[in-house]
Each structure stands twice: as structure tokens, then as C-alpha cells.
S.K.: 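Sharing a structure here in C-alpha cells format.
As the structure is a computational prediction, the values presented were derived from the model and not from experiment.
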Amino acid sequence: MTGAWIIVAAYILDRCIGDPRWIPHPVIGMGKAISALERVIRSRVTSNQGLKKAGIWFPILIAGGSFAVTWGLIYLLAHIHPMVAVVAEVILIATTIASKGLKDAGMDVYRHLIQGDLPAARRALGMIVGRDTAHLDEPEIVRGTVETVAENIVDAIVSPLFYALIGGAPLAMAYRAVNTLDSMVGYKNDKYLHLGWASARLDDWANWIPARITAVLLISGAWVMKLDARRAAQMVSRDARLHPSPNSGFPESAVAGALGIRLGGHNVYHGVSSFRAYMGEPTRLMGAEDIVQTTRLMFWSAGSFVILCVLVSLVIWLAGGTLLW
């Protein structure tokens, strides 16, 4: 059961303090390692076929290296004192999740909207999305914020906790490395189509189960919060697979159904318009309060999954078994 309580402590730690800027974050180190590896590969490989083969080294070296370094650190600290290793596990797992950061980002946009400061709301949204935000009206600002918070319930909370449950801080850190790889090289554009394919594919696989767990948690959260749980389930069944990502459509369609709004539509990236499939049926216009409701659904999903981790660990423990760690 120690692993379960480590997860509980890690989530509480993140919920309370998030990622203070004065503390070096592992993702920064991962980003530097990814950039360095990309420079090395591109200096030696030029053909598309060669880049595709070389792209396999990103998950092997970055994700595998993150796992190995974290495992080695915990192993050494355990020889100093077991409690030192436990504290390190709590801190390291906390760095792989971002419940407070996600809430703060969404509520920053919300505060500007209720103050009527659209330019500031657009700038705040621009800090967390890749789309152009300079000319968005209030409903589109709300849509961008809700989509981002909903999608990142998987990437920033459920997935890292899922892998922490299975393999502790080393596997959670490996997942964070996979997610960082996807955000840096996993694009289907001319620059990364060949080099980043393995990273993008691995990220899709890593989030497959957590995304579907998240959809169930969001539907249950909608029921508890007296939102439209039935519509949330219907929209997941109908719309989730329309999303270009095999995973992001599950939390987005669940949130859209629960709130009675429609997500998706036209976005502009660097001046180029792109259409994303609609999620949900609109029963009203979107408003700033939808950001608050999405944040509440996020915390319900996160808290429920932490409790689920404890229950799973308890069942395994009572059965005389053990998790990987």
C-alpha cells in the first residue's frame, strides 16, 4: 500500500503548490536533452528514410533515460534511508502532474473575461494553446480554454498517475518524457513528419487507456455535479473518435456533453485556418462560467482517480499481490 499513499501525497503536493518557478523542473531538462539529440541527428542524417529510422532513438534515449535516471536516484536514496526515497518519490511524481497549473491557467483566462478585458484574456489563452488568439471573441476564448483544460486532464493528471500506480516515479517520469517528446517533435508537418513519428505514436499508445478512464470519470463527475451525464456519455460514444487525436476526443466530448456546449470548429495556426471536428451539441452559447465548470470536472476526475488508485492497491494488497514497485 505504500505506493498508493505516495500517489495520494504527490497529488496533494501538486494541488497545493504546483510547480514553483524557483525549483528546477525535470521537463526543462528533458526539453534540453530532446533539442540536443535532434541537433545530433540532423547533423548526421538528411534523408527522410534516415530520419524515420533515427526517430526511434527519441523514445529509447529520452523516455528510457528518464526511467533509468529516476530509478537509479530512488535506488541510491533508498540505501541512505527508505524514507528519503519515499519523499523523493512523492516529489518526483508531483512534478509529473499539473492539476494546480492547469487550474491556474484556466482561471487566469476566466478572471480577465469577467473583468471584460478581452485583450488580456486572449494573451492568457495564447500562453496555453498553439492557435492564433489575437482576434478571438469571448465564446471562442472560452472554447479554447475549455478544450485545453479538458484535453490536459489526461496528459497532465490521469496518465502520469496511471503510470505512477504501475511503476512508481520512474515510470511516471518516463511517461512525462514521452509526452514532452510529443509536444516538441510529434508534429505532422514537413519538419517532424519523419523524425517525430515514433514519439507521436508512443504518446498515442501511452494515453489510450487513461483517456478512456478519464471519459468515465468525467461522466460520473457530471452526474455528481448535476450536469448532463447522459448527454456526456452520448457525446463520447458519438463524437470522441471524430477528433484527429485518438485520445483527446474522449475528455473533450465528455465535457462538451456535460456542459451542453459544442467544442471544435475552425482554428487558425500561424495564419492558416484548420477545421477540427465538432464535439457535442450546443444547447446555448458558451460563457466564462464554462471554464469554472470544466475546472471543477477536472478536480473531480483527478480526485476520483487518486481514490481509484488507493482502492486498486488495496485490492491487490489484500489478494497478496503487488504492483511493479
S.K.: Would you list the pairs meeting ring pair (Phe, Tyr, Trp, His ring centres under 6.0 Å) in which at least one residue belongs to residues 78-103, sequence neighbours left out?
M.R.: Tyr75-His79

S.K.: Could you name each residue pair satisfying side chain to side chain donor-acceptor pair (under 3.5 Å) that touches residues 165-178, not counting sequence neighbours?
M.R.: Tyr175-Asn207, Arg176-Asn179

S.K.: Donor-acceptor pair, distance only, cut-off 3.5 Å: does the side chain of Asp14 make one with the backbone of Ser99?
M.R.: yes

S.K.: If you look only at distance, which donor and acceptor atoms sit under 3.5 Å apart when one is on a side chain in residues 47-70 and the other is two or more places apart or in another chain?
M.R.:
{"from": "Ser47", "atom 1": "OG", "to": "Gly50", "atom 2": "N", "distance (Å)": "3.0"}
{"from": "Ser66", "atom 1": "OG", "to": "Ile62", "atom 2": "O", "distance (Å)": "2.7"}
{"from": "Thr70", "atom 1": "OG1", "to": "Ser66", "atom 2": "O", "distance (Å)": "2.7"}

S.K.: Please confirm whether the backbone N or O of Arg131 pairs with a side-chain atom of Asn267, one donor and one acceptor, at under 3.5 Å?
M.R.: no

S.K.: Please identify each residue that fulfils ring pair (Phe, Tyr, Trp, His ring centres under 6.0 Å) with Tyr11, with sequence neighbours left out.
M.R.: none

S.K.: Test of understanding: with salt bridge (charged side-chain N to carboxylate O under 4.0 Å, His left out), list the residues that count as partners of Arg143, not counting sequence neighbours.
M.R.: Glu140, Glu147

S.K.: With a cut-off of 3.5 Å and sequence neighbours excluded, list every side-chain donor-acceptor pair involving residues 299-310.
M.R.:
{"from": "Trp300", "atom 1": "NE1", "to": "Leu217", "atom 2": "O", "distance (Å)": "3.2"}
{"from": "Trp300", "atom 1": "NE1", "to": "Ser220", "atom 2": "OG", "distance (Å)": "3.1"}
{"from": "Trp300", "atom 1": "NE1", "to": "Ser304", "atom 2": "OG", "distance (Å)": "3.4"}
{"from": "Ser301", "atom 1": "OG", "to": "Leu297", "atom 2": "O", "distance (Å)": "2.9"}
{"from": "Ser304", "atom 1": "OG", "to": "Trp300", "atom 2": "O", "distance (Å)": "2.7"}

S.K.: Decide yes or no for Ile6 and Val86: does some side-chain heavy atom of the first lie under 4.5 Å from some side-chain heavy atom of the second?
M.R.: yes

S.K.: Looking only at atom types and distance, does a side-chain atom of Asp228 sit under 3.5 Å from a main-chain N or O of Ala222, one as donor and one as acceptor?
M.R.: no

S.K.: I'd like to check the side chain to side chain contact (heavy atoms under 4.5 Å, CB included) partners of Leu118; sequence neighbours left out, ordered by chain and number.
M.R.: Leu113, Arg122, Glu138, Ile141

S.K.: What closest approach, in Å, do Gly106 and Val149 show between heavy atoms, and which atom pair accounts for it?
M.R.: CA-CG2, 4.4 Å

S.K.: Are side-chain heavy atoms of Thr283 and Ile261 found at a separation under 4.5 Å?
M.R.: no

S.K.: Please enumerate all residues that pass side chain to side chain contact (heavy atoms under 4.5 Å, CB included) together with Pro20, with sequence neighbours excluded.
M.R.: Ile17, Trp22, Ile23

S.K.: Compare all side-chain heavy atoms of Asp104 with those of Met107 and state whether any distance is below 4.5 angstrom.
M.R.: no

S.K.: Just wondering, do Ser313 and Leu165 contact through their side chains at under 4.5 Å, heavy atoms?
M.R.: yes

S.K.: Sort and list the pairs that fulfil side chain to side chain donor-acceptor pair (under 3.5 Å) and have at least one residue in residues 28-41, not counting sequence neighbours.
M.R.: Glu38-Arg42, Glu38-Tyr192

S.K.: How would you list all residue pairs meeting ring pair (Phe, Tyr, Trp, His ring centres under 6.0 Å) that involve residues 250-277, not counting sequence neighbours?
M.R.: His266-Phe275, Phe275-Tyr278

S.K.: Is there a donor-acceptor contact under 3.5 Å from the side chain of Ser248 to the main chain of Ser245?
M.R.: no

S.K.: For Asp117, which residues count as a salt bridge (charged side-chain N to carboxylate O under 4.0 Å, His left out) partner, sequence neighbours excluded?
M.R.: none

S.K.: For Ser199 and Asp182, which I'm curious about, is there any donor-acceptor pair between the side chains at under 3.5 Å?
M.R.: no

S.K.: Applying salt bridge (Lys or Arg N to Asp or Glu O under 4.0 Å), which residue pairs with at least one partner in residues 277-303 are found, sequence neighbours left out?
M.R.: Arg238-Glu281, Arg284-Asp290

